[in-house]
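Notes follow once the structure below has been shown.
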Amino acid sequence: MSTRLQGPDPDDEDRGPQEEEIDLRYRFYEVEVDDEEEPERIDRRVADGWATETEPKTAWWLKTGIAIISIFIVLGLLAGLAGPFLGSFGSDEPQRIEYVPAQVVEVIDMRTIIVEIDGETATVRYIGVEPLPLNSLWYDVGFLANQQLVANSEVVLEADATDTDDFGRLLRYVYVNNNMVNGLLIRNGIALPGERSDGLDRHYLRMQDWSAAAKLEGLGHWSNARPQFLPNGGATNRGDS
């Protein structure tokens, strides 16, 4: 045998009016229950005008807050599921930079070369590099320096956000022996940094710094001296070199 809580019996006629007034409103008493019967929960019911012990009502603002939080949780889960389909949109992860090896076939000018990539040829234009003015004594030195740096060499190409120009040329940062050729030309005062352009400005600030350093040290055309050509086709701004 076990016991369960039960409210006043509605059929109890022995209880007089006076006793009914004395009864506690939420009084519960124990009655014996057969163990074989299915256990019942405490049931608080309305009987003979008795009011049940109602559950406390949740404030409307609390319900609203819970509903809003639930909506945000659902939206967060949906965004997580959609992430793989949205790619890197809105992602704080650093952009992955790819480096592609290539073989230089020909040097066209101070900032243009032809390379071979996986058996196919392509024209590459250096990003962020501008030639010196035509009236500069160092104008032709740029081509000679570029030829000396990369001719018949294996190079590594780095793309920025913009892949090609209007003529279909690959826009790239070019590396030889782990040195950026774009930067070497600017750092030695035989080229100028280009204007900032969206999609082509990953190394813009560095190129500005290199140009400022070349000017401060009086290298290349910043020396205001006539270039002295060396036997290997290079040039220097120092006559005693």
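- Under the 4.5 Å side-chain criterion, counting only non-hydrogen atoms from C-beta, Arg169 is not in contact with Thr164.
- The two residues Gly189 and Ala214 have their closest heavy-atom pair at N-CB, 4.0 Å.
- In this structure a side-chain-to-backbone donor-acceptor pair under 3.5 Å is present from Trp138 to Ala225.
- Contacts of Arg187 classified as salt bridge (Lys or Arg N to Asp or Glu O under 4.0 Å), with partners at least two apart in sequence or in another chain: Glu217.
- Val176 and Ile114 sit in two unconnected hydrophobic clusters of ILVMFWY residues. Membership requires side-chain heavy atoms under 4.5 Å apart, directly or through other members.
- Between the side chain of Ser223 and the backbone N or O of Gly220, at least one donor-acceptor pair lies under 3.5 Å.
- Of all heavy-atom pairs spanning Arg125 and Thr112, the tightest one is CD-OG1, 3.3 Å.
- A side-chain N or O of Tyr126 and one of Asn146 form a donor-acceptor pair less than 3.5 Å apart.
- With a 4.5 Å cut-off on side-chain heavy atoms, Ser197 and Tyr204 do not count as touching.
- Ion pairing between Arg172 and Asp163 holds under the 4.0 Å rule for side-chain N and carboxylate O.
- Taken together through direct or relayed side-chain contacts under 4.5 Å among Ile, Leu, Val, Met, Phe, Trp and Tyr, Tyr139 and Val107 form parts of separate hydrophobic clusters.
- Residue Val100 is grouped with residue Val181 when hydrophobic side chains (ILVMFWY) are merged at heavy-atom distances under 4.5 angstrom, including chains of intermediate members.
- Atom CZ of Arg226 sits about 5.0 Å away from atom CG of Leu137, to the nearest 0.5 Å.
- By the 4.5 Å heavy-atom criterion applied to side chains, Val155 and Pro101 are not counted as neighbours.
- Heavy-atom minimum distance, Pro131 versus Met110: CA-CE, 3.0 Å.
- Val150 has its side chain within reach of Ile113: a pair of non-hydrogen atoms, C-beta onward, lies under 4.5 Å apart.
- Within the structure, salt bridge (Lys or Arg N to Asp or Glu O under 4.0 Å) contacts touching residues 99-117 (residues at least two apart or in different chains) are Arg111-Glu130.
- For the pair Glu158 and His203, the minimum side-chain heavy-atom distance is below 4.5 Å.
- Both Tyr99 and Val124 belong to a common hydrophobic cluster when Ile, Leu, Val, Met, Phe, Trp and Tyr are linked at side-chain heavy-atom distances under 4.5 angstrom.
- Residue Glu154 qualifies as open at atom CD: its count of foreign heavy atoms under 6.0 Å is 12 or below.
- Thr123 places none of its side-chain heavy atoms less than 4.5 Å from the side chain of Leu170.
- In this structure, Tyr175 OH and Leu184 CG are separated by 10.5 Å, a value rounded to the nearest 0.5 Å.
- Contact between Met207 and Gly128 at its shortest, heavy atoms only, is SD-O, 3.4 Å.
- Ile108 and Phe143 fall into different hydrophobic clusters, where Ile, Leu, Val, Met, Phe, Trp and Tyr residues are linked whenever their side-chain heavy atoms come under 4.5 Å apart, directly or through other members.
- Across all non-hydrogen atoms, the minimal contact from Ile190 to Ala145 is CD1-CB, 3.3 Å.
- Here the CG atom belonging to Asp160 is positioned 5.0 Å from the CD1 atom belonging to Ile127, to the nearest 0.5 angstrom.
- Between the Asp165 side chain and the Phe167 main chain, a donor and an acceptor come within less than 3.5 Å of each other.
- Here the side chains of Leu192 and His221 are in contact, with some heavy-atom distance below 4.5 Å.
- Under the 4.5 Å side-chain criterion, counting only non-hydrogen atoms from C-beta, Trp210 is not in contact with Lys215.
- Here Ile186 contributes atom CD1 and Met180 contributes atom CE; the two are 9.0 Å apart, rounded to the nearest 0.5 Å.
- The distance from the CD atom of Gln208 to the CG atom of Leu205 is 7.5 Å, given to the nearest 0.5 Å.
- Residue Arg202 holds its CZ atom at 9.5 Å from CG of Leu200, rounded to the nearest 0.5 Å.
- Judged by distance alone, with hydrogens and angles left aside, the side-chain atoms of Asn182 form a donor-acceptor pair with the main-chain N or O of Val174 at under 3.5 Å.
- The backbone N or O of Ala151 lies less than 3.5 Å from a partner atom in the side chain of Ser153, making a donor-acceptor pair.
- Across every non-hydrogen atom of Leu157 and Ala102, the tightest pair is CD1-CB, 3.9 Å.
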